[in-house]
Amino acid sequence: MSTAKTSLITCQQCGRRIMVRPADVQRGSIVCSHTGCGATNLLATAFQYDPAIVQGLPGFGELRHSVSPDLAYPLRFGANVIGTGDTAQVRVERYLHEGRCYISRRHCTLTVTFDTWSGRLRYQLQDGAADPTTQASMPSLNGTQVNGSALRPSEQIDVTGDDILTLGGVDAFRLVPYTINPAMLATYRVELDYNPDRTQ
Ligand SMILES: [Zn+2]
């Protein structure tokens with residue numbers, strides 16, 4: 001899959017832009033043309049994964065309450081509002097502690113995306129949720145903690161299977177991420193010609 005196009009890379013030595021032609025890509029390297037530099041820049045091949053893979057996945061992971069780990073709350077691709085209300089995508093039980101529930105109706109948002117560079121699902125958590133009508137961000141009443149640290153308003157952090165998500169300071173959940181089968185992932189690998197300036 002080679003494309004007969006020119007493109008620009010940044011010289012690894014002098015930091016100036018160099019024009020890359022198809023012949024340079026075939027050779028796998030390019031010598032910097034800028035005066036006083038002349039550095040050889042390697043054009044490393046790279047690959048990505050086709051995000052269409054998510055359409056064929058059987059699941060996107062789940063949350064398990066620390067006290068009742070047999071009860072799994074499945075996640076979906078995209079935004080998962082977690083809470084006790086009927087507009088939450090992940091509707092959890094009203095866990096009572098001395099008669100009181102600390103989880104809001106729309107408590108926090110766990111967003112599942114596909115990282116095309118690593119081929120893994122990515123999980124990002126933030127406190128509160130967008131109001132279904134106004135789309136305004138509404139924080140939870142009692143806050144959201146990851147491994148004991150409270151999330152700040154509008155802060156969004158990556159969470160993994162080792163992290164403990166605590167809703168309202170009381171109810172702890174563990175994320176069980178979905179791991180994509182490596183053999184399946186390999187079939188969605190997309191080779192790139194070389195590694196141009198990419199910004200992540
Ligand atoms: Zn240079």
Are Leu121 and Leu57 side-chain neighbours, meaning at least one heavy-atom pair lies under 4.5 Å?
yes

Is there side-chain contact between Phe114 and Ile180, with heavy atoms separated by less than 4.5 Å?
yes

Report the distance from atom NE2 of His34 to atom CZ of Arg16, rounding to the nearest 0.5 Å.
5.5 Å

Check whether Gln145 reaches the backbone of Gly169 with its side chain - one donor and one acceptor, N or O, closer than 3.5 Å.
yes

Side chains of Ile157 and Glu155, heavy atoms from C-beta outward: is any pair under 4.5 Å?
yes

How long is the straight-line distance from CG of Asp171 back to CD1 of Ile103, given to the nearest 0.5 Å?
4.0 Å

Ionic contact status for Asp86 with Arg91, cut-off 4.0 Å:
no

Thr87 and Arg105: CA distance, side-chain angles, deciding distance, side chain to side chain donor-acceptor pair (under 3.5 Å) verdict
CA-CA 8 Å; Thr87 62; Arg105 294 170 60 79; 5.9 Å; no

Are Leu63 and Leu71 connected, step by step, through hydrophobic side chains (Ile, Leu, Val, Met, Phe, Trp, Tyr) whose heavy atoms are closer than 4.5 Å?
yes

Looking at side-chain heavy atoms only, is the closest gap between Val90 and Leu110 below 4.5 Å?
no

When you measure from the side chain of Ser68 to the backbone N and O of Asp70, does any donor-acceptor pair fall under 3.5 Å?
no

Contacts of Arg76 meeting side chain to side chain donor-acceptor pair (under 3.5 Å) (sequence neighbours excluded), chain-then-number -> none

Under a plain distance cut-off of 3.5 Å, with no hydrogens placed, do Asn142 and His107 share a side-chain donor-acceptor pair?
no

Judged by atom type as modelled, is there a donor-acceptor pair below 3.5 Å linking the side chain of Asp127 to the main-chain atoms of Leu151?
no

Test item: Asn41 and Ile18 side chains (from C-beta on) under 4.5 Å apart, heavy atoms
yes

Provide the closest heavy-atom pair for Thr84 versus Glu93 in the form atom of the first, atom of the second, distance.
CG2-O, 3.7 Å

Residues two or more places apart in sequence or in another chain: which of them pass salt bridge (Lys or Arg N to Asp or Glu O under 4.0 Å) with Asp24?
Arg27

Rounded to the nearest 0.5 Å, the CG atom of Asn181 sits from the OG1 atom of Thr187 at a distance of 9.0 Å

Taking the side chain as everything from C-beta on, heavy atoms only, tell me whether Leu175 gets closer than 4.5 Å to Leu75.
yes

Show, in sequence, the C-alpha distance, side-chain angles and deciding distance for Val146 and Val159, and conclude whether the side chain to side chain contact (heavy atoms under 4.5 Å, CB included) test is met.
CA-CA 8 Å; Val146 176; Val159 288; 4.1 Å; yes

Any side-chain heavy-atom pair from Arg17 and Ile9 closer than 4.5 angstrom?
no

Pairs satisfying ring-ring contact (aromatic ring centres under 6.0 Å, His included), at least one member in residues 48-75, at least two apart:
Phe47-Tyr49, Phe60-Phe77, His65-Tyr95, His65-Phe173

Got a donor-acceptor contact below 3.5 angstrom from the Asn80 side chain to the Gln89 backbone?
no

Side-chain heavy atoms nearer than 4.5 Å, only ILVMFWY residues, links allowed to pass through others: does that put Met184 and Tyr178 together?
yes

Positive for side-chain hydrogen bond (donor to acceptor under 3.5 Å, both in side chains) with Arg122, one of Asp158, Thr160, Thr113:
Asp158

I'd like to know whether CZ of Arg94 has more than 12 heavy-atom contacts from other residues, nucleotides or ligands below 6.0 angstrom.
no

Spatial distance of atom OH (Tyr123) from atom OG1 (Thr111) [nearest 0.5 Å]
12.0 Å

Min side-chain heavy-atom separation Cys11-Cys37 under 4.5 Å
yes

Can you tell me how far the CG atom of Asp131 sits from the CZ atom of Arg106, to the nearest 0.5 Å?
7.0 Å

Under the side chain to side chain contact (heavy atoms under 4.5 Å, CB included) criterion, do Ser29 and Leu43 qualify, and how do the steps go?
CA-CA 5 Å; Ser29 67; Leu43 303 171; 5.5 Å; no

Under 3.5 Å, side chain of Ser140 to main-chain N/O of Gly143, donor-acceptor pair present?
yes

Quick check on Arg64: does its CZ atom have over 12 non-hydrogen neighbours (other residues, nucleotides or ligands) under 6.0 Å away?
yes

Testing the basics here: between Val81 and Ala129, what is the closest heavy-atom pair and its distance to 0.1 Å?
CG1-CB, 3.7 Å

Donor + acceptor pair across side chains of Thr109, Gln126 (<3.5 Å)
no

Interatomic spacing from CG in Leu165 to OG in Ser66 - rounded to 0.5 Å
11.0 Å

